[in-house]
Amino acid sequence: MIRLGEKQELVVVKTVDFGVYLAVSFEDAAEHILLPVKQVPEGTKQGDKLTVFVYRDSKDRMIATVKEPKLMMGGLAELTVSQIGKFGAFLDWGLEKDLFLPFREQRGRVTPGDKVLVTVYIDKSNRLCATMNVYEALRTDSPYRAEDRVRGRVYEISERFGAFVAVDNLYSGLISAKELYGKVEPGEDVEARVLKVREDGKLDLSIREKAYLQMDEDAEKILALLDSYEGSLPFSDKAAPEVIKYETGMSKNEFKRAVGRLLKQGKVQIGEKTIRRINS
């Protein structure tokens, strides 16, 4: 059986002026596809075996190519958006016909020139399409261990679970909701610390440093925010958690710990509804 979206070795069962026809074997020659003449290696003859990739051409016919695409079935790749059409985007995957990314398979709208992490699937019409829903395609055999530093692409945000990350664009990772810090968006590349490797091989990640380091970083962020407000914040550590999260990206507890450190260092003064910077 000729497999769409995969590289495979096929036999030349017939030669014609415009190329050669390939099949799994001479016995299965009724199911054959064309390798266009411009793709046929010099000296190829009937009975030869060729390794080709199978996809569909602009007329939706199954066709072979000796070119290697940037993405095949079961794989992951970062592809560039070449154009936007009526029903979705088209991605450059190294072949004559671009790969279609339907709007429903996008995680946030994309624009020409964007680089998107995708895997490929066969739709109900038996056509190859791309999807940004890469969860099932990610691997769980990473070489990483707890406390390792990693880099990955955020491909989906869930209010319940957190930020799903493709570590190295290859391995499955998650920044839990409680570990999210600041504003993180789908399509963003993040640097993270491995908290642990779960039994199923997936990585639990954090974009926060260890507590004592994070407190210093948060304190510096508050000082910078104070400077932007000309030295006085219009809210204190008694403000609603939503206000603190919106203004600082921190939880209320994180904000209070950092403000407490600044207070102890004599860098701020806390009022009922304000925090003021003390210039030394």
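Please read these numbers as outputs of a predicted model, since none were measured by experiment. Just so you know, these numbers use all the heavy atoms, side chains as well, and skip hydrogens, waters and symmetry mates.
Contact detail for Ala130 and Leu91: the closest heavy-atom pair is CB-CD1, 3.8 Å. Nearest heavy-atom pair, Cys129 versus Pro102, reported as atom, atom and distance to 0.1 Å: CB-CD, 4.3 Å. When every heavy atom of Asp28 is checked against every heavy atom of Ala23, the shortest pair comes out as O-CB, 3.8 Å. Pairing each heavy atom of Leu35 with each of Ala64, the nearest pair is CD1-O, 3.4 Å. Taking both residues in full, the closest heavy atoms of Asp148 and Tyr144 are given as OD2-CA, 3.4 Å, listed atom of the first, atom of the second, then distance. For the residue pair Thr119 and Val134, the shortest heavy atom distance occurs at N-CG1, 3.9 Å.
Leu99 and Val116 fall within the same hydrophobic cluster, defined by Ile, Leu, Val, Met, Phe, Trp and Tyr side-chain heavy atoms under 4.5 Å apart, directly or through other members. A chain of hydrophobic side-chain contacts below 4.5 Å, direct or via other Ile, Leu, Val, Met, Phe, Trp or Tyr residues, connects Met72 to Leu128. Val20 and Leu10 fall within the same hydrophobic cluster, defined by Ile, Leu, Val, Met, Phe, Trp and Tyr side-chain heavy atoms under 4.5 Å apart, directly or through other members. The cluster map of Ile, Leu, Val, Met, Phe, Trp and Tyr, joined by side-chain heavy atoms under 4.5 Å apart, puts Phe18 and Leu50 in different clusters. In the hydrophobic clustering of this structure, Val194 groups with Val167; members are Ile, Leu, Val, Met, Phe, Trp, Tyr whose side-chain heavy atoms approach within less than 4.5 Å, directly or through other members.
You'll find the side chain of Ile33 stays beyond 4.5 Å of the side chain of Ile63, heavy atoms only. Side-chain contact between Met62 and Ile2 is present, with at least one heavy-atom pair separated by less than 4.5 Å. Asp92 is listed as a side-chain neighbour of Lys70, based on a closest heavy-atom distance under 4.5 Å. Using a 4.5 Å heavy-atom cutoff, the side chains of Val118 and Leu76 are not in contact. No side-chain heavy atom of Arg107 sits under 4.5 Å from any side-chain heavy atom of Phe164. When side chains are defined from C-beta on, Glu147 counts as touching Arg193, because their heavy atoms get closer than 4.5 Å. Residues Val165 and Val154 form a side-chain contact, since some pair of their non-hydrogen atoms from C-beta on lies under 4.5 Å apart. In this structure, Glu156 and Phe161 have side chains that are not in contact, with every pair of non-hydrogen atoms separated by 4.5 Å or more.
Residue pairs that meet the side chain to side chain donor-acceptor pair (under 3.5 Å) test with at least one member in residues 129-141, sequence neighbours left out, are Glu105-Thr131, Tyr135-Lys202, Arg139-Asp141. Among residues at least two apart or in separate chains, ring pair (Phe, Tyr, Trp, His ring centres under 6.0 Å) pairs with a member in residues 71-99 are Phe53-Trp93, Phe90-Phe100. A side chain to side chain donor-acceptor pair (under 3.5 Å) check over residues 8-19, counting only residues at least two apart or in different chains, returns nothing.
Looking only at atom types and distance, the side chain of Lys115 has a donor-acceptor partner in the side chain of Thr80 under 3.5 Å away.
Residues satisfying the side-chain contact (heavy atoms from CB on, under 4.5 Å) criterion with Arg160, sequence neighbours excluded, are Ser158. Considering only residues two or more places apart in sequence or on other chains, Glu27 meets the salt bridge (charged side-chain N to carboxylate O under 4.0 Å, His left out) condition with none of them. Listed by chain and residue number, nothing satisfies the side chain to side chain donor-acceptor pair (under 3.5 Å) test with Gln83 (two or more places apart in sequence, or in another chain). With sequence neighbours left out, Ser125 forms a side chain to side chain donor-acceptor pair (under 3.5 Å) with no residue at all. Lys59 meets the side-chain contact (heavy atoms from CB on, under 4.5 Å) test with Asp57, Arg61; sequence neighbours excluded. For Ala192, the side-chain contact (heavy atoms from CB on, under 4.5 Å) test picks out Val150, Leu205, Ile207, with sequence neighbours left out. The side chain to side chain donor-acceptor pair (under 3.5 Å) search around Glu230 returns none, not counting sequence neighbours. With sequence neighbours excluded, the residues that form a side-chain contact (heavy atoms from CB on, under 4.5 Å) with Ile84 are Val81, Ala89, Phe103, Val110, Pro112. The ring-ring contact (aromatic ring centres under 6.0 Å, His included) test applied to Phe235 returns Phe255, not counting sequence neighbours.
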Should Arg149 and Glu191 be marked as a salt bridge (Lys or Arg N to Asp or Glu O under 4.0 Å) after you check the CA-CA gap, both sets of side-chain angles, and the distance that decides it?
-> CA-CA 7 Å; Arg149 309 292 301 195; Glu191 292 185 0; 5.1 Å; no

Side chain to side chain contact (heavy atoms under 4.5 Å, CB included) evaluation trace for Arg277 with Leu223 | CA-CA 8 Å; Arg277 181 164 187 167; Leu223 290 176; 3.7 Å; yes

Intermediate values then yes/no, side chain to side chain contact (heavy atoms under 4.5 Å, CB included), Leu203 and Val197 | CA-CA 5 Å; Leu203 304 174; Val197 181; 3.7 Å; yes

Kindly determine whether Lys97 and Asp60 satisfy salt bridge (Lys or Arg N to Asp or Glu O under 4.0 Å), including the steps that lead there.
-> CA-CA 10 Å; Lys97 181 186 177 185; Asp60 251 1; 3.7 Å; yes

Starting from the C-alpha separation in whole Å, work towards a yes-or-no answer on side chain to side chain contact (heavy atoms under 4.5 Å, CB included) for Lys67 and Tyr55.
-> CA-CA 11 Å; Lys67 293 182 179 180; Tyr55 70 117; over 6 Å; no

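Within 6.0 Å of CZ in Phe26 there are more than 12 heavy atoms belonging to other residues, nucleotides or ligands.
With Thr274 contributing its side chain and Arg276 its backbone, the two residues share no donor-acceptor pair below 3.5 Å. Under the 3.5 Å distance criterion, the side-chain polar atoms of Lys252 are matched with a main-chain donor or acceptor of Ala239. Side chain of Arg261 to main chain of Asp218: no donor-acceptor pair is present (N/O by atom type, distance under 3.5 Å, no hydrogens or angles). Ser236 places a side-chain N or O within donor-acceptor distance of the main-chain N or O of Glu272, the cut-off being under 3.5 Å.
Here the CG atom belonging to Asp168 is positioned 10.0 Å from the CZ atom belonging to Arg151, to the nearest 0.5 angstrom. Note that CG of Asp237 is 4.5 Å distant from CD1 of Ile270, once rounded to the nearest 0.5 Å. Separating the CG atom in Leu4 from the CZ atom in Arg127 is a distance of 11.5 Å, to the nearest 0.5 Å. Once rounded to the nearest 0.5 Å, the distance linking CG of Leu262 with NZ of Lys264 reads 12.5 Å. With rounding to the nearest 0.5 Å, the separation of OG in Ser228 from CD in Glu247 is 8.5 Å. Between the CD atom of Gln39 and the OG1 atom of Thr65 there is a distance of 3.5 Å, given to the nearest 0.5 Å.
Taking the six-membered ring where tryptophan is involved, the planes of Tyr21 and His32 are perpendicular, since the angle between them exceeds 60° and thus also 30°.
Results of the salt bridge (Lys or Arg N to Asp or Glu O under 4.0 Å) test with Arg153 over Glu78, Glu185, Glu188 single out Glu78 as the only residue that passes.
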